[in-house]
**Q** 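Dropping the structure in here first, questions after.
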Amino acid sequence: MTDPAEQSELPKTYDPKAVEEPTYQRWLDEGLFHADAGSGRPRWSMALPPPNVTGSLHIGHALDHTYQDYLARFKRMRGYEVLWLPGMDHAGIATQNVVERELAKEGKTRFDLGREAFVERVWAWKAESGWRILGQMRRLGDSVDWSRERFTMDEGLSRAVREVFVSLYEQGLVYRGQRIINWCPRCLTALSDIEVEHEEVPGELAHLRYPLADGSGWIEVATSRAETMLGDTAVAVHPDDERYQHLIGRTVRLPLVDREIPVVADESVEREFGTGAVKVTPAHDPNDYEIAQRHGLPDVNIFTEEAIVNANGGRFAGLDRYAARRAVKDALAELGLLDRVEPAPHAVGHCYRCRTEVEPRLSEQWFVRTRPLADQAVAVVRSGRTRFEPERYAKTFFAWMDGIRDWCVSRQLWWGHRIPAWYCPDGHVTVDREEPAKCDQCGAKELRQDEDVLDTWFSSGLWPFSTLGWPERTDDLANFYPTTVLVTGYDIIFFWVARMLMFGCHFEPPTPFDVVAIHGMVRDREGKKMSKSFGNVIDPLELMDRYGTDALRFALIRGANPGADVPLAKEWVEGARNFTNKLWNLGRFVLTARAEAWGSGGLKERSGSPPENRDLAPAPATPPDDGGGLADRWLLSRLEHTRAAVTAAYEEYDPAEAARLMFAFSWSELADWAVELAKPRLAAGGEGARQAAATLTYALDVIVRLLHPVMPFVTEELARALGADTIVRGPWPAERPEDLDPDAEADMAALQEAITAVRRFRAEHRVLPSRHPRLTVVPADTGQGELFRAEAESMRRLARLETVEVGPAPADAGPTAKLLAAGAELYLPLAGLLDLDEERERLRRELATLESERSRAVGKLANPAFVERAPAAVVDKARARLAEVDQARAKVEAQLAELD
RNA sequence: GGGCGUGUGGCGCAGUGGUAGCGCGCGUCGCUUACAACGACGAGGUCACAGGUUCGAGCCCUGUCACGCCCACCA
């Protein structure tokens, strides 16, 4: 019942759904992503920044993975043995929070389950979530080596973590101590400095009066956190501050808690700030803690872990920080000890995972001594052994490393690597790679392991070598370390890149990677950050469902200018989808042309999927020789330019530039001109048709290969249709400088200019498409004359002309238009082209319409009431419109004059 | 308070010394046998501002303004 002719029709649009999944499966089945160290090829390696097992991949991952995939595929095609190693991060706090939220829905807390059961539960959750993420990576087309997939908490990596921690301890680079750390009262754990996000809040500065103990007056202090006065143990002033000389060494009576505390002199006090006297709360402020250390002051902790006032806060016990602040101010005001409260915006730290205000808290934690490690990491970048791309991010890195402070690595969580430290009843610490049988110092056998786990970034900091089997001296480590490139967003240079450099340079020198390639963040169409609260997040899966993976990837890469943020909107992806379809149809055209040129029996169709014509010869590895015609020579020259520029851009970590070049060549040159120029030759058949088809086939094959790193699916499908089994392993198009042909490019430019000039004239004068005038070209020189004579047929067709003649200007041909293009003069007889009377009539009607609009506008603007009373915008609009009308009138009048 | 970056047509962006480009949008025309997810043609920019270097400056230098991001223990 189906018409056989119709059956052989190829689908007019590219259908990603039919192609992507089977293609990816085939790549896996054929082991194309598997890295074989024994292959003898040069090696190239990269470790995937492990996504958090939390949740699913977002648009930022899509960018990150696409960027890496372009590098991996590009290098693979160029003949490298590529290892792109995948995996996931256990993501301590983030994951624990997610599972705790899930528990909360059941009305439970982790404490109801107990540590062991809770951790079990997280593992179960991880199994499920991890599966989803792997599926998304397949969707994206990630060419990772699945046989080497790792997880930060798997056995091998856990061993690496213990090895590093214990070694650092032995080297004196890990220590335990009491410090003021950043504490999240909601997550109930310590945080490192970079896990705190500073944010400006309105805030206030309260001026409090502390009466002198001897009743001789008072001293005034200023604070943004009045409630902390409950934990004050001193007041500090600058030693040279004349205002307070007489008070140094005396004592004040701390109101509300009725504690006598000293006035001390400390150089850290700024005389100009506030009153020049500062209250000292050693347990709740890092500066104050240092002052206390210097002066031997006690510390009074007034908060519980949840930041609720404890028993030390007397009658304020039980209030949270904010309630206590109000209550303390009220109480002081009643006593006449609150001088005033003024607004004072200042930055407050928030937990990077839950946004809760961080509370400085004095506690016992584990720290990494970072200075020596940081120095090594800085040296490797300064020397150029490791390079940032773009380079300016090295500055960001240096700036942070310069001011780096010791890294608090212990977390009061349950999900993570348990700290390998054990305590005996006497409090001695034993740090070991395996669970020790007895205390190092006293031999006690009752040991209890530290309850805390390590910062998630501790294990991810080992990623480049722990994933290769370290500390074992594995083949993979020998073959693929240092890794070649590390790709990531600028947002985690401090969190991750810096830590990897510190650990890598120290434990597995010289460096974990040669190049750090930094990309930006995905933004919405207005350049705004994507976030759930703005409601502007885009789900990559939705985009892939709708437009295909290649479209999403191309849109992301096209916007990924080096180091800069990537704006993305549906329309961008839609445009990229149109491009995939353009390629698809280019493929359809070329394949058909090729089949017809060689008289083969047309193309076959696989159900609903792309063309398969293995009966034809495989795509040529080199262009057809001869290359006689201008169109072919021009195309090959442009192709070689593109090939060279795209290759260079890929090498230089500028895939956005490569994308632009490929897009422009494919669409504006190959499709818009080369194909159009080929049509008459193809239609003529014979050797000319074969020549044209061969050149187009070659060009398509090359551009498809160039595009493959960015758009792997549609290009693989087209390459297969052209006769290749796969292009995943290349080859990459070879350099062909002999194809560069400046003469052909110049000639083609002249021809294009002439054709466009005629088209423009036709469009402006509304020449019906069915009218085919005769054109006379008066060339600028003899060379140009030959050009136009040779290309007369192309020009005739593309400009819709009856004939194209090269010679002297026609005499006495009646009304004639003279156009200029590339130095040549083009003469178009108007008679018969457009009906002159009809055209005059049309122009007069148009002029009349414009005149009447003009007189109305003039009248309106001449009316003072309108000009004065109407909104300015309306008046401006009227004026602008009048100007437009005047311009249009002038044009129409000129056209009328041309006709006479 | 430091550091980095950005200001180019309505919107999003390229363009590191030699006659202003791309995508989207917009206007006019067109279902020309690869593609209407298309084609042809067009409108639209004193390249934030002010100085300077140069034969010549979006592109280099200085300063100003605006915006963005990062870092930061002035309570």
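A note on names: the letters A, B, ... follow the listed sequences, proteins ahead of strands, and every chain is numbered from 1. Predicted model, so just to flag it, every value in this text is computed and none were measured.
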**Q** Please tell me which of the listed nucleotides, B:rA72, B:rA34, B:rA75, lies nearest to the side chain of A:Val675?
**A** B:rA34
**Q** Between B:rC60 and B:rG18, how many Å separate the two C1' atoms, rounded to a whole number?
**A**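 Straight-line distance between the two C1' atoms is 15 Å.
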**Q** What does A:Asp491 touch in the nucleic acid at a heavy-atom separation under 4.0 angstrom: a base, only the sugar-phosphate, or nothing?
**A**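 Contact class for A:Asp491: none.
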**Q** Between A:Thr233 (side chain only) and A:Asp299 (backbone N and O only), is there a donor and an acceptor less than 3.5 Å apart?
**A**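 Looks like no, no N/O pair under 3.5 Å.
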**Q** Which part of the nucleic acid, if any, lies within contact of A:Phe663, taking any heavy atom under 4.0 Å across all strands shown: a base, the sugar-phosphate backbone alone, or nothing?
**A**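 Answer is sugar-phosphate: A:Phe663 comes under 4.0 Å of backbone atoms only.
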**Q** Of all the choices, B:rC41, B:rA14, B:rG5, which nucleotide is nearest to the side chain of A:Arg392 once you look at every atom?
**A**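 So the side chain of A:Arg392 is nearest to B:rG5.
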**Q** Do A:Glu220 and A:His207 get their side chains close enough for a donor-acceptor pair, meaning under 3.5 Å?
**A**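 Side-chain D/A pair, A:Glu220 to A:His207: present.
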**Q** Does A:Asp565 reach a base, just sugar-phosphate, or nothing at all? Heavy atoms under 4.0 Å.
**A**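 Here A:Asp565 touches no strand at all.
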**Q** Between A:Arg405 and B:rC73, is there a side-chain N or O to OP1/OP2 distance below 4.0 Å?
**A**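 It does, given that an N or O in the side chain of A:Arg405 lies less than 4.0 Å from OP1 or OP2 of B:rC73.
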**Q** Would you say a side-chain N or O of A:Trp667 is under 4.0 Å from OP1 or OP2 of B:rG39?
**A** yes
**Q** Determine the minimum heavy-atom distance between A:Ala659 and A:Arg558, stating which atoms define it.
**A** CB-CA, 4.0 Å
**Q** With respect to the side chain of A:Arg760, which nucleotide from B:rC41, B:rC13, B:rA72 is positioned closest?
**A**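 Selected nucleotide: B:rC41.
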**Q** Between B:rU53 and B:rU62, how many Å separate the two C1' atoms, rounded to a whole number?
**A**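 The same atom, C1', in both gives a distance of 11 Å.
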**Q** Examine B:rC69: is either OP1 or OP2 under 4.0 Å from a nitrogen or oxygen in the side chain of A:Lys395? Give yes or no.
**A**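 Result: no.
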**Q** Give one of base, sugar-phosphate or nothing for A:Val280, where a contact means two heavy atoms less than 4.0 Å apart.
**A**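 Answer is nothing: A:Val280 stays at 4.0 Å or more from every strand.
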**Q** For A:Ala569, answer base if it contacts any base atom (sugar-phosphate contacts may also be present), sugar-phosphate if it contacts only those atoms, and nothing otherwise; contact means non-hydrogen atoms under 4.0 Å.
**A**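 Here A:Ala569 touches no strand at all.
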**Q** Once you round it to whole Å, what is the distance between C1' of B:rC38 and CG of A:Leu586?
**A** 13 Å
**Q** What interatomic distance, in whole Å, is found between C1' of B:rC11 and the corresponding atom of B:rU19?
**A** 27 Å
**Q** At under 4.0 Å between heavy atoms, what does A:Thr756 touch on the DNA or RNA strands: base, sugar-phosphate, or nothing?
**A** sugar-phosphate
**Q** Between B:rA34, B:rC70, B:rC38, which one does the side chain of A:Asn585 approach most closely?
**A**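 When the side chain of A:Asn585 is considered, B:rA34 is the closest of B:rA34, B:rC70, B:rC38.
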**Q** A:Glu676 near the nucleic acid: base, sugar-phosphate alone, or nothing, with a heavy-atom cut-off under 4.0 Å?
**A** base
**Q** Among B:rC38, B:rA14, B:rC41, which nucleotide sits nearest the side chain of A:Ala763?
**A**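 That would be B:rC41.
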**Q** In terms of side-chain heavy atoms of A:Asp672, which of B:rA72, B:rA14, B:rA40 is nearest?
**A**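 In terms of side-chain proximity for A:Asp672, the closest of B:rA72, B:rA14, B:rA40 is B:rA40.
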**Q** CE of A:Met662 to CZ of A:Phe554: how many Å apart, nearest 0.5 Å?
**A** 6.0 Å
**Q** Is A:His346 close enough to B:rA72 that one of its side-chain N or O atoms is under 4.0 Å from OP1 or OP2 there?
**A**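 No.
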**Q** Using O4'-C1'-N9-C4 for purines and O4'-C1'-N1-C2 for pyrimidines, with syn meaning within 90° of 0, is B:rG58 syn or anti?
**A**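 Here B:rG58 takes the syn form, which means its glycosidic angle is within 90° of 0.
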**Q** Closest approach to the side chain of A:Glu270, judged atom by atom: which nucleotide of B:rA75, B:rG30, B:rA14 is it?
**A** B:rA75
**Q** For the residue pair A:Arg638 and A:Trp667, would you count it as a cation-pi contact if the rule is NZ or CZ under 6.0 angstrom from the ring centre and within 45 degrees of the ring axis?
**A**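 Not satisfied by the 6.0 Å and 45° rule.
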**Q** Please evaluate residues A:His198 and A:Val348 with respect to the criterion side chain to side chain contact (heavy atoms under 4.5 Å, CB included), reporting the C-alpha separation (whole Å), side-chain torsions for both, the decisive distance (0.1 Å), and the verdict.
**A** CA-CA 5 Å; A:His198 295 270; A:Val348 171; over 6 Å; no
**Q** Of all the choices, B:rC73, B:rC4, B:rA37, which nucleotide is nearest to the side chain of A:Asn287 once you look at every atom?
**A** B:rC73
**Q** Under 4.0 Å between a side-chain nitrogen and a carboxylate oxygen: does that hold for A:Arg340 and A:Glu342?
**A** yes
**Q** Determine the Euclidean distance between corresponding P atoms of B:rA14 and B:rA48; express it in Å to zero decimal places.
**A** 14 Å
**Q** Classify A:Ala222 by what it touches in the nucleic acid, base, sugar-phosphate, or nothing, heavy-atom distance under 4.0 Å.
**A**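 Base contact.
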**Q** Has the side chain of A:Arg577 got a donor or acceptor atom sitting under 3.5 Å from an opposite partner on the base of B:rA37?
**A** yes
**Q** Any side-chain N or O of A:Arg759 below 4.0 angstrom from OP1/OP2 of B:rC41?
**A**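 It does, given that an N or O in the side chain of A:Arg759 lies less than 4.0 Å from OP1 or OP2 of B:rC41.
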**Q** Which part of the nucleic acid, if any, lies within contact of A:Arg800, taking any heavy atom under 4.0 Å across all strands shown: a base, the sugar-phosphate backbone alone, or nothing?
**A**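 Base, at least one base heavy atom under 4.0 Å.
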**Q** Could you check whether A:Phe494 gets within reach of a base, just the sugar-phosphate, or nothing at all, counting any heavy atom under 4.0 Å?
**A**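 Since only primed, P, OP1 and OP2 atoms lie under 4.0 Å of A:Phe494, the category is sugar-phosphate.
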**Q** Would you measure the distance from the C1' atom in B:rA20 across to the matching atom in B:rC67 and give it in whole Å?
**A**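 Per the computed distance, 24 Å lies between those C1' atoms.
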**Q** Using a heavy-atom cut-off of under 4.0 Å over every strand shown, decide if A:Trp572 touches base, sugar-phosphate, or nothing.
**A** sugar-phosphate
**Q** Looking at B:rC35, does its base get a donor-acceptor pair with the side chain of A:Lys12 below 3.5 Å?
**A**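 Checked by distance alone, the answer is no.
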**Q** State which residue, out of A:Val237, A:Asp339, A:Val235, A:Val278, fulfils the side-chain contact (heavy atoms from CB on, under 4.5 Å) condition with A:Val221.
**A** A:Val235
**Q** Which nucleotide in the list B:rC38, B:rC73, B:rA34 gets nearest to the side chain of A:Asn578?
**A** B:rC38
**Q** Would you tell me if any nitrogen or oxygen in the side chain of A:Asn581 comes within less than 4.0 Å of OP1 or OP2 on B:rC38?
**A** no
**Q** Evaluate the side-chain proximity of A:Thr695 to A:Leu635: yes if any heavy-atom separation is below 4.5 Å, no if none is.
**A**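 A:Leu635 vs A:Thr695: side chains touch.
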**Q** Using the C1' atoms only, state how far B:rG10 lies from B:rC26, rounded to an integer number of Å.
**A** 9 Å
**Q** Are A:Arg577 and A:Trp572 in a cation-pi setup, meaning NZ or CZ lies under 6.0 angstrom from the ring centre and within 45 degrees of the ring axis?
**A**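 The answer is no; the distance or angle limit is not met.
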**Q** Take atom P in B:rG23 and the same atom in B:rG30, then report the distance between them in whole Å.
**A**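 Nearest-Å result for B:rG23 against B:rG30 at atom P: 23 Å.
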**Q** Determine the interatomic distance between C1' on B:rG2 and the same-named atom on B:rG45; round to the nearest Å.
**A** 37 Å
**Q** Regarding A:Arg179 and the six-membered ring of A:Tyr289, is the cationic atom NZ or CZ under 6.0 Å from the ring centre and inside 45° of its axis?
**A**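 Judged by the rule (NZ or CZ under 6.0 Å from the ring centre, within 45° of its axis), A:Arg179 is not positioned above A:Tyr289.
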**Q** Starting from Watson-Crick (N1-N3 plus N6-O4 or O6-N4) and G-U wobble pairs under 3.5 Å, report the runs of at least three that RNA chain B belongs to.
**A**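 Stems for RNA chain B, defined as runs of 3 or more consecutive pairs: B:1-7 with B:65-71, B:10-13 with B:21-24, B:26-30 with B:38-42, B:48-52 with B:60-64.
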**Q** Within less than 4.0 Å of OP1 or OP2 of B:rA34, is there a side-chain N or O belonging to A:Lys679?
**A**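 Answer is yes, contact under 4.0 Å.
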